[in-house]
Amino acid sequence: PEMAAVGDTFINDMLSRCGFATVFANQMRYPEVDLKQLVDAKCDLVLLSSEPYPFKQKHIDEIQAQLPHTKILLIDGEMFSWYGSRLQYAADYFIQLRKEIDTNKVN
């Protein structure tokens with residue numbers, strides 16, 4: 001199981017400000033989420049963070065096998081979760097991320 005950033009968290013706030021909505025919004029803090037829950041949730045998009053756990057291509061492949069129509073991206077976790085000086089770069093990062101997602105919509 002992996003964790004999802006939902007509820008009353010800085011990460012969820014950053015996601016919301018970028019126009020993302022989590023399928024696990026009704027849960028608080030950082031619930032453990034397994035692959036079956038992702039399949040059941042019928043996610044359009046899965047964002048895998050570079051931290052605190054550094055997801056890799058093998059994780060994308062594992063999830064993609066179960067969610068073939070879901071877009072899965074590796075993202076820079078610092079932009080979503082680091083307070084302070086990183087925030088000065090976050091807006092540009094989010095704009096580019098949204099463009100990438102919106103340009104390559106899930107079928």
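Since we're looking at a predicted model, the values are computed, not measured.
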(request) Please round to the nearest 0.5 Å and tell me the distance separating atom OG of Ser81 and atom CG of Asp13. (result) 13.0 Å
(message) Using the side chain to side chain donor-acceptor pair (under 3.5 Å) criterion, which residues pair with Asp92? Sequence neighbours excluded.
(response) none
(request) State which residues pass side chain to side chain donor-acceptor pair (under 3.5 Å) with Lys42; sequence neighbours excluded, sorted by chain then number. (result) none
(request) Taking the side chain as every heavy atom from C-beta outward, state whether Glu100 and Leu73 have any atom pair closer than 4.5 Å. (result) yes
(message) Going by the rule side chain to side chain donor-acceptor pair (under 3.5 Å), which residues pair with Glu78 if we only count those two or more places apart in sequence or in a different chain?
(response) Arg86
(request) Measure up the His59 and Tyr53 rings against each other and bin them: parallel (under 30°), tilted (30 to 60°), perpendicular (over 60°). (result) perpendicular
(message) Checking the side chain of Gln96 only, and the main-chain atoms of Tyr93 only, is there a donor and an acceptor separated by less than 3.5 Å?
(response) no
(request) Would you check if Met14 and Phe20 make a side-chain contact, meaning some heavy-atom pair closer than 4.5 Å? (result) no
(request) Return yes if some donor-acceptor pair links the side-chain N/O of Glu51 with the main-chain N/O of Pro54 below 3.5 Å, else return no. (result) no
(request) Scan Leu48, Asp61, Leu47 and name whichever one has a side chain to side chain contact (heavy atoms under 4.5 Å, CB included) with Ile72. (result) Leu48
(message) Tell me the closest heavy-atom pair linking Ser49 and Gly77, and the distance in Å.
(response) OG-CA, 3.1 Å
(request) Check whether any side-chain heavy atom of Thr70 lies under 4.5 Å from a side-chain heavy atom of Leu38, and answer yes or no. (result) no
(message) Hydrophobic cluster membership, with links at side-chain heavy-atom distances under 4.5 Å among I/L/V/M/F/W/Y: are Leu87 and Phe94 in one?
(response) yes
(request) Calculate, to the nearest 0.5 Å, the distance between atoms CD1 and CG belonging to Ile75 and Leu15 respectively. (result) 6.5 Å
(message) Quick check: is Met79 connected to Phe10 through a chain of hydrophobic side chains (ILVMFWY, heavy atoms under 4.5 Å apart)?
(response) yes
(message) Side chains of Phe55 and Ile63, heavy atoms from C-beta outward: is any pair under 4.5 Å?
(response) no
(request) Please name the pair of heavy atoms, one in Leu35 and one in Gln66, separated by the smallest distance, quoted to 0.1 Å. (result) CD2-CG, 3.3 Å
(message) What's the separation between atom NZ in Lys56 and atom CD in Glu62, rounded to the nearest 0.5 Å?
(response) 15.0 Å
